[in-house]
2 protein chains.
Amino acid sequence: MARPRQALLTKERIVEAAAVLIDAEGLEACSMRRLATELGVQGPSLYNHFATKAEIVDAVAEAVVAQVDISVFHGNDWRTALRLWAKSYHAVLAAHPNIVPVLATGPGRRPAGLAMAEAVYGALIDAGWSRARATHIGALMRYLITGSALGSFALGFDADPELYDHYPHLHRAHELAAHRAAVDEGAFELGLDLLITSLSDRYDLGVRR
Amino acid sequence: MARPRQALLTKERIVEAAAVLIDAEGLEACSMRRLATELGVQGPSLYNHFATKAEIVDAVAEAVVAQVDISVFHGNDWRTALRLWAKSYHAVLAAHPNIVPVLATGPGRRPAGLAMAEAVYGALIDAGWSRARATHIGALMRYLITGSALGSFALGFDADPELYDHYPHLHRAHELAAHRAAVDEGAFELGLDLLITSLSDRYDLGVRR
DNA sequence: TGTAAAAACTTACGCCGCTAGTTTAAGCAC
DNA sequence: GTGCTTAAACTAGCGGCGTAAGTTTTTACA
């Protein structure tokens with residue numbers, strides 16, 4: 001081909017196609033050649049717009065994190081804000097499960113991630129939590145949210161009943177697969193409830209560090 | 001070579017070498033050819049002992065999970081047992097961080113994982129928790145433990161101060177990198193404390209489902 | 001003793017991320 | 001308008017990946 005009169009690719013088109021591909025077929029399906037094919041182009045052409053594959057995947061992750069609602073930190077009590085933010089984050093990850101491993105492991109140099117950290121940490125500091133505790137609470141929320149998004153607990157159990165024959169308490173574990181969404185949702189809700197109410201208790205007692 | 005008089009490989013030797021390699025250089029370094037080299041053998045020879053690479057990695061994961069102490073569920077109150085087990089699990093993952101992604105995502109058909117689930121779930125049921133709640137609590141603990149092991153919170157922040165210039169509350173975030181271990185440990189301890197004490201409160205009030 | 005299975009080997013296939021070099025169009029300086 | 005630089009596509013190819021196929025030799029057993 002050579003250079004076309006109208007550019008075939010833009011960063012935006014590439015990231016959008018990558019996001020669609022990852023959502024539809026998973027991270028492994030998103031190879032440079034496959035992604036290029038999806039865009040009607042040859043593999044190496046992508047390197048005119050991104051230096052590495054990691055940059056593309058990072059951009060997808062950034063776009064996902066940017067969907068989390070951090071406006072809730074304005075005009076809400078820290079407890080309410082934390083709960084609403086966590087639910088929004090959780091919902092976004094549930095809508096894009098295939099990108100979660102990238103979010104859970106990679107460093108957070110991306111603007112959307114930093115903006116989120118700023119909002120959470122700032123709200124906790126403003127509420128009176130010590131710097132150390134605010135950090136811990138932020139980390140903790142991240143553990144709960146990414147942990148639940150990543151390792152769907154119910155998915156870890158096979159639907160084959162025979163697997164559990166030798167485990168007296170697990171004889172109904174095969175049913176978990178069928179109730180996957182409800183189990184994971186219940187566990188997340190419980191965790192959020194427990195964490196926020198007990199933090200709230202400490203806060204009201206004046207224990208803020 | 002052909003078949004040697006004394007077998008060069010055994011399942012145990014392969015898994016042991018894979019574990020060492022993963023611990024030392026990470027999951028990506030553990031390719032079939034590299035692992036074989038480490039064992040003084042050609043790549044495809046490994047397929048005489050394992051059908052796929054995934055089976056080898058799974059066996060490593062299994063060996064790691066088997067190190068978690070589940071004996072604490074005998075002779076301890078459910079709260080104490082849960083806390084001790086979580087700390088043991090956390091310590092094991094901290095000692096083998098590179099295998100954590102496998103544990104956090106893969107299904108739990110492995111015997112050690114099932115035995116652990118059986119112990120946790122059984123203890124909660126025996127304590128009087130409803131089946132649904134016991135499931136939720138187990139899932140929740142998993143979220144906290146794998147979430148914290150996987151995404152070291154502090155590691156997500158770069159040591160470069162300039163990154164945080166535009167985030168008023170994050171101006172000291174670059175210090176997190178230096179205190180990584182302490183921050184992650186503090187957050188995990190806080191989470192464990194909050195979850196167990198608030199579960200304990202509910203339990204004592206008779207709310208067990 | 002003959003035969004089947006086991007455990008090493010070599011070769012090779014089709015992926016992967018990415019590099020290098022080529023071609024043509026676009027944008028800008030004079 | 002003409003030339004020069006840069007941009008954006010291309011093709012070819014490198015080294016690495018997981019794994020399949022087929023070969024050779026040894027061991028174990030009938």
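Below, read A as the first sequence line, B as the second, and so on, with proteins coming before strands; counting in each chain starts at 1.
Scored by the side chain to side chain contact (heavy atoms under 4.5 Å, CB included) test, Ala132(A) finds Ser130(A) as partners (sequence neighbours excluded). With sequence neighbours excluded, the residues satisfying side chain to side chain contact (heavy atoms under 4.5 Å, CB included) with Ala19(A) are Val60(A). Take Glu16(A) and apply the salt bridge (charged side-chain N to carboxylate O under 4.0 Å, His left out) test, not counting sequence neighbours, and it matches no residue. Applying the side chain to side chain donor-acceptor pair (under 3.5 Å) test to Asp77(B) and every residue at least two apart in sequence or in another chain returns Arg79(B). Contacts of His90(A) classified as ring-ring contact (aromatic ring centres under 6.0 Å, His included), with partners at least two apart in sequence or in another chain: Phe188(A). Under the side chain to side chain contact (heavy atoms under 4.5 Å, CB included) criterion, Ala123(B) pairs with Phe73(B), sequence neighbours left out. Under the rule for a side chain to side chain donor-acceptor pair (under 3.5 Å), Thr52(A) has no partner lying at least two apart in sequence or in another chain.
The nearest whole Å value for the distance from the CD atom in Gln42(A) to the C1' atom in dT22(C) is 15 Å. Atom CE of Met32(B) is separated from atom P of dC9(C) by 13 Å (rounded to the nearest Å). Atom-to-atom, NZ of Lys11(B) to C1' of dA7(C) comes out at 14 Å; the value is rounded to the nearest Å. Separating the CG atom of Leu35(A) from the C1' atom of dC16(C) is a distance of 14 Å, rounded to the nearest angstrom. Atom pair Leu9(B):CG and dT27(D):C1' shows a separation of 16 Å (rounding to whole Å applied). Rounded to whole angstrom, the span from the CD atom of Glu55(A) across to the C1' atom of dC18(C) amounts to 13 Å. What separates CG of Leu39(A) from P of dC10(D) is a distance of 11 Å, to the nearest Å.
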Atom pairs, N/O to N/O, protein against nucleotides 25-28 of chain C, distance under 3.5 Å?
{"from": "dA25(C)", "atom 1": "O4'", "to": "Arg3(A)", "atom 2": "O", "distance (Å)": "3.3"}
{"from": "dA26(C)", "atom 1": "OP1", "to": "Arg5(A)", "atom 2": "O", "distance (Å)": "3.4"}

Protein-nucleotides 12-14 of chain D N/O pairs closer than 3.5 Å?
none

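Pairs of residues two or more places apart, or lying in two chains, that qualify as side chain to side chain donor-acceptor pair (under 3.5 Å) and include a residue from residues 20-43 of chain A are Asp23(A)-His96(A), Glu25(A)-Arg34(A), Arg34(A)-Glu38(A). The list of salt bridge (charged side-chain N to carboxylate O under 4.0 Å, His left out) pairs with a residue in residues 87-101 of chain B, not counting sequence neighbours, reads Lys87(B)-Glu189(B).
For Ser45(A), a side-chain nitrogen or oxygen approaches OP1 or OP2 of dC10(D) to under 4.0 Å.
If you take CG on Leu9(A) and CD1 on Ile14(A), they are separated by 4.5 Å, rounding to the nearest 0.5 Å.
A heavy-atom distance below 4.0 Å to DNA chain D is reached by these residues of residues 46-53 of chain A, ordered by number: Asn48(A), His49(A).
Side chain of Ser31(A), nearest nucleotide from dA8(C), dA9(D), dC16(C): dC16(C).
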For Asp126(A) and Tyr121(A), what are the C-alpha separation, side-chain angles and deciding distance, and is it a side-chain hydrogen bond (donor to acceptor under 3.5 Å, both in side chains)? CA-CA 8 Å; Asp126(A) 291 347; Tyr121(A) 185 74; over 6 Å; no
